[in-house]
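Lettering follows sequence order; numbering is per chain, from 1. Hydrogens, waters and symmetry mates play no part in the numbers below; they use all other heavy atoms, side chains included. Given the structure is predicted, the values throughout are model-derived calculations rather than measurements.
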Amino acid sequence: MRIFYVTTPIYYANSLPHLGHLYTTVVADAIARHKRQRGFDAYFLTGTDEHGINIQRAAEKEGRTPQEQVDFIAGELKRMFHDFRLDTENGGYDIFMRTTEPFHYEGVSRLWREIAKNTTPKGNSTIYKGFYEGWFCAPCAAFKLEDEYYTVEGSDIPLCREHERPLDRIAEESYFFRLSDYAEELVRVIEENPERIRPEARRNEVLAFIRQGLQDLSISREKKNVSWGVPVPDDDNHVMYVWLDALSNYITAVGYGNTEKTGFDKYWPEVRHLVGKDILRFHTVYWWSFLMAAGLPLPRLVYAHGMWLDAFGKKMSKTIGNAISIDVLDRHFQLDAVRYFLLRDMVFGQDGKFGYENLIERANGDLAKGLGNLASRTISMIEKYRDGVIPSGKISEPFYLFAKRASLNPDEQEIVSALAHTRDELIRRFDNFEFSQALETVWSLITRIDKMISDSKPWELIKDDNQTETLNAVLYRAVEALRWLSVLLYPVMPEAAQAIYAQTGAAGEVSKINPETLKYGELPAGTAIGERRAVFPLIDKVKIMNEIKEETATENKPAPAPEPPAAIEEPSPAEEENFITIDDFLKVELRVGEIKVAERIPKADKLLRFEIDLGEEKPRQILAGLAQYYEPENLIGRKVVVVANLKPRMMRGYESQGMVCAASLENSDDTPALAAFLEDVKIGARLK
RNA sequence: GAAGAGAUAGUUUAAAGGAAAAACAUCGGUCUCAUAAACCGAAGUUAAAGGUUCGAUUCCUUUUCUCUUCCCCA
């Protein structure tokens, strides 16, 4: 039996369901349904990632325990998935994975032990205990290198570039994963299996990132600081880094390292991870290294999809209020229309634009006026012209000429191969994750059938006894095409497909019909068609848009500030502590230096390059953003205050080995002034 | 400022060293089985400039613009 395993990311249990969750899950759902329809033993995983400092904080803020917090979010997601018929009950996911479940603890502990037991490709220990000192971004759940944060003037606490939120200073014992030993191996594996990371542009980004060199990864936190996590095996003082914990869900869910679940050997080698482009790095660099370290097979595919932007191509955000609301989608639109839009309008792998208007236009243009109307006119004609019974599609030779006269090809081979071609294309595109193109192909078939009807004009054929067989053939071909269409489209629009399938009079469930084995003519003549009803009612765009506007207006106005239980807000860093101790101050080594060399840096309008004598062996090179305020020549010989123990940093290709102190106001328009002394001071003197 | 990606019709997308395509939108027409549907027809596109070539929209160079990442008081 053919095996297939598809995963969405497990969603972090600190925010309420949003379009991103819905999107990835719908895609995975469509893939899973398609594979199952084709007889694959397909396993579909989604769920929640429930550990880490963020959960702890979110829980505290809401006055809940962490467990209550994750139960709440997992419950909300499940409810949303149920509303959108993505849950097990409705033929969707097979498991809603939760990382707080005991079997996951078992599995991930086993993974840790397996990794620890092995050595890296370079023969070193994979995991070692060290001391971590650095900045950690809780929302990212990631340690930040110095190029990943910045500091605003007047503050010591750097902000995460991504979240623009204060980072946490972490200084504690930590276990490290020797990621640095895996860079060459990763590059080799990716180059040998380029098809395993898609799309190509994203794969190149990953390769570039690896080639920059990898740093060892801290994979634990001290329990006294972060308690909400999986304990590190044999060390009760530590819990695992949330990404190690989270990523491993994909294997523990199918029974790795535990006996509660099963299927690891069967499913794991066939896994395809769908991820947002923002977390591709974790799912390739980190995850693959962990897997290699544990001696496990790598995923068959990690596919990074794009993000939904608003109708104007801007990022959606709650604060701007341009986010698409799941509730609005649920209340105002057919689920199948939403699914169709999500799969049709975003080219998988690129960013897409989502506006309610776009959705309505798609639903009306493609679904109501396209597929829906074709179904309606076909069924209606069979009712009217043939008393609701499907006629034979065969034209006997004496009537060939009449068929031709009615612009209908008497030979049905043409339509048979059109159907087969559409089916083959759909399968090929689906297997290749090209949903948008898959649907385009199907719609060109719809157009073709519509045209066949318009060209042969059944309403005229009915008036001519010599055209009985021609009319029969038109009706048969149309209804048979409809049956095929419903089978092909089932994964994208399960309910509508079943409805159309039933209207053609075909027996059974469309979900069980394998498109690969569809045969033209399987719908027997003499079958009574089902009851006709509109599958995709036309949407009154103006009316719906007005309703949506009114609702969102009333929703936003009276209760503007807090969205009830959601959203983590950071405690404002300012009010926490305004004082530092003398020890804190003495960490900063301020020294007097004399400027020996001062010059501009070509093509940098703000930067000056200094060489400053601090009484050390040789002068230091220090860069400062003073070019707009000082002429370099005037500065030579001046004594300045230098932060001497600042970590060196590259700027514009030069290393800056310290910082020159200058007075400046918050507003950077004001001219800064270099700190100086009235008395004579010795070079190298420390300020304290 | 650096690196990478990109720029195709009003819009969203496709294809390609040898006549650039589809859908939606627009305009004109036909028709009535159907959800004021459908069908036919029209108009409209390779960002700009150079170069290689028999031929370039495709390859190369430059420019402009967009996006991403990084960066200019450490």
request  = Answer yes if the ring centres of A:Trp443 and A:Tyr340 are under 6.0 angstrom apart, and no otherwise.
outcome  = yes
note = The Watson-Crick or G-U wobble partner of B:rU52, with both key distances under 3.5 Å, is none
request  = Round to the nearest Å and state the distance from A:Phe341 atom CZ to B:rU12 atom C1'.
outcome  = 10 Å
ask   = Between A:Phe341 and A:Phe354, is the ring centre distance below 6.0 Å?
value = yes
Sugar-phosphate, base or nothing in reach of A:Thr447, heavy atoms under 4.0 Å = sugar-phosphate
query = Is it the case that A:Arg281 places NZ or CZ above or below the six-membered ring of A:Phe209, under 6.0 angstrom from the centre and within 45 degrees of the axis?
reply = yes
message = My understanding is that a pair needs two contacts under 3.5 Å, Watson-Crick or G-U wobble. By that rule, which nucleotide pairs with B:rA38?
response = B:rU30
ask   = Does A:Leu371 or A:Gly365 map to a spot on RNA chain B nearer the 5' end, using the closest nucleotide for each?
value = A:Leu371
ask   = How far does the C1' atom of B:rU52 sit from the matching atom of B:rC60, given to the nearest Å?
value = 7 Å
ask   = Which one is paired to B:rU11, where only Watson-Crick or G-U wobble pairs with both distances under 3.5 angstrom count?
value = B:rA23
inquiry  = Once you apply a heavy-atom cut-off of 4.0 Å, does A:Phe536 come out as touching a base, just sugar-phosphate, or nothing?
reply    = base
ask   = A:Arg532 near the nucleic acid: base, sugar-phosphate alone, or nothing, with a heavy-atom cut-off under 4.0 Å?
value = sugar-phosphate
query = Could you state the CZ-P distance from A:Arg202 to B:rC67, rounded to the nearest angstrom?
reply = 15 Å
query = Could you give the CG-to-P distance, from A:Asn364 to B:rA23, as a whole number of Å?
reply = 18 Å
inquiry  = At 4.0 Å (heavy atoms only), tell me whether A:Ser376 reaches a base, stays on the sugar-phosphate, or touches nothing.
reply    = base
task = Write down the distance between CZ (A:Arg281) and C1' (B:rC70), rounded to a whole number of angstrom.
result = 12 Å
ask   = Considering Watson-Crick and G-U wobble pairs with both distances under 3.5 Å, what does B:rU46 pair with?
value = none
task = Measure from the ring center of A:Trp308 to the ring center of A:Tyr23 and say whether it is less than 6.0 Å.
result = yes
ask   = Do the rings of A:Phe399 and A:Phe402 sit parallel, tilted or perpendicular, given the 30° and 60° boundaries?
value = tilted
key: Integer-rounded Å distance: B:rC39 P and A:Lys369 NZ   = 12 Å
query = Roughly how many Å is it from CG in A:Leu367 to C1' in B:rA23, rounded to a whole number?
reply = 14 Å
request  = Please work out if A:Asp450 contacts a base, only the sugar-phosphate, or nothing of the nucleic acid, heavy-atom cut-off 4.0 Å.
outcome  = sugar-phosphate
note = Mate of B:rA2 across any strand shown (Watson-Crick or G-U wobble, both atom pairs under 3.5 Å) is B:rU69
inquiry  = If you compare every side-chain N and O of A:Lys353 against the phosphate oxygens of B:rU12 (OP1, OP2), does one of them come in below 4.0 Å?
reply    = yes
message = Whole angstroms only, please: what is the CH2-P distance between A:Trp459 and B:rA38?
response = 13 Å
ask   = For A:Glu357 and B:rC24, what is the distance between atoms CD and P respectively, to the nearest whole Å?
value = 19 Å
